[in-house]
J.: 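Starting off with a structure, shown below.
Atoms considered below: every heavy atom in the structure, side chains included; atoms not considered: hydrogens, waters and symmetry mates. Quick note on labels: first sequence line is chain A, next is B, and so on, each numbered from 1.
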Amino acid sequence: MSQTVDIKELNEKIQRESSFVDMINIEMNKVIVGQKSLVESLLIGLLSDGHVLLEGLPGLAKTLAINTLATTIDADFSRIQFTPDLLPADVLGTMIYSQKNEEFNVKKGPIFSNFVLADEINRAPAKVQSALLEAMQEKQVTIGDETFKLEKPFLVLATQNPIEQEGTYPLPEAQVDRFMLKTIINYPKKEEEQLIVRQNIAKEFPTANKVLTKDDIIKARDVVKEVYMDEKIEKYIVDIVFATRYPDNYGLEKLKDMISFGGSPRASINLSKAAKAYAFIKRRGYVIPEDVRAVCYDVLRHRIGLTYQAEAENITSEGIISEILNTVEVP
Amino acid sequence: MSKTTKIYLLLLLSAVLMGNTIKAQVTLEAKMDTNIMLIGDQTYYRIKASFPKDVNVEFPIFADTIIGELEILEHFKYDTTYENDLVHVEQKMLVTSFDSGWYELPPAKMQIIWPNSIEADSAKTNPVYFGVMTMQLDSANPNAITDIKAPMEAPVIFKEVAPFAFGGLLALLLAFITWYVYKRFVKKEPVFVKKEAPKEPAHIIAFRELDHLREAKIWQSGDTKEYYSRLTDIVRTYIEDRFGVLAMELTTGEIIQMIKPIKDISPDAKDSLKGMLQLADLVKFAKGAAMADENERSMRFAYEFVERTKVVEQESSEEVEEDSSQQSSAGSLQSEEGSKKL
């Protein structure tokens, strides 16, 4: 088997450039037990410049995982605990009058960091969510009449829990679409939980070391963009997203009444980006259908609207994605 | 006689002569279409009147008989025609009689109202004579009197059956619509299911497709990607049809995982399949350019994989005997082909 030069070179380049993935994994695994998919999702978001929304019950190490990832990278990190009385200025920053200089000075908010942890994002009212999500999309913030570009890399990692809906402000579909991935975190396995207990009752809690710089991330992102995606894979991605919009065209008539809206073109873009990042994590210079399928749930689950009928029949977006993946032909 | 008296007399004479002229123009007539009829037979009785336009004539009104022996079956509308200054009016009635004999229909009385006159004059039509005959029996013929004949069978015409036919069709249509709506929208099942012809065995289809692929010489013309796409599609379709694993919707890794527990596929074949699919993935998704011997080897493997895992159907002994000669020749061809391939 011989390969054309560019792919061979790219494979070698990726082998070299992706070595840090192992280092991050090692450092993360020191603190986080199990939750392999969570760590992978965070890495995909980091490498493909996409924001990540983590959803899981309280106590499943959502915040700890993000904290640990931020620790492994030599970059600015800030955490915002979203509460009902939070104001947009608390997130973005504001203008403060200086009596000494007799002028307004800009006081930047916690969003001016490389990594922003928006903890329990659904507890803040819509205007705060909107301010954050606008900054996520535009990667810039306007305070007063001055616009500030956010420093690269800029990554928002938000958490929310699916229970305790009282006093929460669920993210609207249009805003949740800004997140590249929505990762659901499940309970750890029995053995993993045993390790978690052991780790937490030990004398010292392990800490992660810094293994990466901001420049490494930016460089790695450029390499991820170079990962080769064949047109067959592109077509596969488009087929999957189209199946969420027009299921009857793919022999999925039974899903037609279950889906109120399907994935947007942003879903196709993010599915492609995430598949490339996943291939990079797996040390490959090209995308294969496995990569698409691996990231499909995280990319699409928050982009498929369910009808009342689907909710009444306990059909989830994950179930719909499974049906689609089991029906759309793999190239 | 004075001149004035002469004039009066002349005018009086003119008036008398003019009145007689008008009366002469009124004619009344009654007649039957036939004067002799069989008992129970039907004929028309007509009363006609011709009179100037400015004269009014009132026809007699009959109830259900004209005389006791002549029954009226149907009254028709007055038929009026105009001819110059005269009006011809005809009253027509369908009549019958069930009493034999000779009868006289009395003249029909009519009222005539002359112009510029208030009082009416009576006038009569002519009397009409007619006879009602019974059947003449031939006393010499003992069979002259016969039994009552059964009602005659009239041919069924479309107009008679149309309501029933259309009603039946409508009922069938309604029943079909009800069934269709129930099936399609309530049970949400396909309404018309095409009965599929029995499918060919998976290995027959696979062999045929592999033959086509080999004959197409795709990789030889430089399109290795298309070659591997078709080759893997053939193998995946075969796995789907043969083992029930939905291989067309699975990735290489998933296919390998799914066939792991299948005992009909040897471990060697599983390894070779994995190798071939991974090689195909490289060609298809990573611009990989496979060598000529790799392409040949993949094709050989595909043949071998299908050959080793195909379902061998048990045939009846008679069929085996009948087909033995054909099979032996085909088998030798196959083995020759196989030895070339493998």
J.: Near B:Arg208 CZ, under 6.0 Å, is it more than 12 heavy atoms from other residues, nucleotides or ligands?
T.: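 It does: B:Arg208 CZ has more than 12 such atoms within range.
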
J.: Just checking A:Phe261: does its CZ atom have more than 12 heavy atoms from other residues, nucleotides or ligands closer to it than 6.0 angstrom?
T.: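 Count over threshold, so yes.
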
J.: Is it the case that atom CZ in B:Phe76 sees more than 12 heavy atoms from other parts of the structure closer than 6.0 Å?
T.: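 Buried by this count: over 12 neighbours within 6.0 Å.
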
J.: Could you tell me whether B:Lys188 and A:Asp257 have a side-chain N and a carboxylate O separated by less than 4.0 Å?
T.: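 A salt bridge links B:Lys188 with A:Asp257.
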
J.: Enumerate by number any residue of residues 235-253 of chain B whose heavy atoms lie under 4.5 Å from heavy atoms of chain A; in the absence of such residues, state 'none'.
T.: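 Residues of residues 235-253 of chain B touching chain A at under 4.5 Å: B:Arg236, B:Met248, B:Glu249, B:Leu250, B:Thr251, B:Thr252, B:Gly253.
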
J.: Tell me every residue that passes side-chain hydrogen bond (donor to acceptor under 3.5 Å, both in side chains) with A:Thr327, counting only those two or more places apart in sequence or in another chain.
T.: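 Per chain and number, A:Thr327 pairs via side-chain hydrogen bond (donor to acceptor under 3.5 Å, both in side chains) with no residue.
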
J.: Which heavy atom in A:Tyr286 sits nearest to a heavy atom in B:Phe285, and how many Å separate them?
T.: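 That closest heavy-atom pairing would be CB-O, 3.6 Å.
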
J.: Taking CD in A:Gln194 as the centre, count heavy atoms belonging to other residues, nucleotides or ligands within less than 6.0 Å. Is the count above 12?
T.: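 Result for CD/A:Gln194: open.
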
J.: Could you tell me whether the side chain of B:Glu254 reaches within less than 4.5 Å of the side chain of A:Leu325, counting heavy atoms only?
T.: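 A side-chain contact under 4.5 Å is absent here.
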
J.: Of the listed residues (A:Asn326, A:Ile288, A:Val330), which shares the most heavy-atom pairs with chain B below a 4.5 Å separation?
T.: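 If we count pairs closer than 4.5 Å to chain B, A:Val330 comes out on top.
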
J.: Does NZ belonging to B:Lys274 count more than 12 external heavy atoms closer than 6.0 Å?
T.: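 12 or below, so no.
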
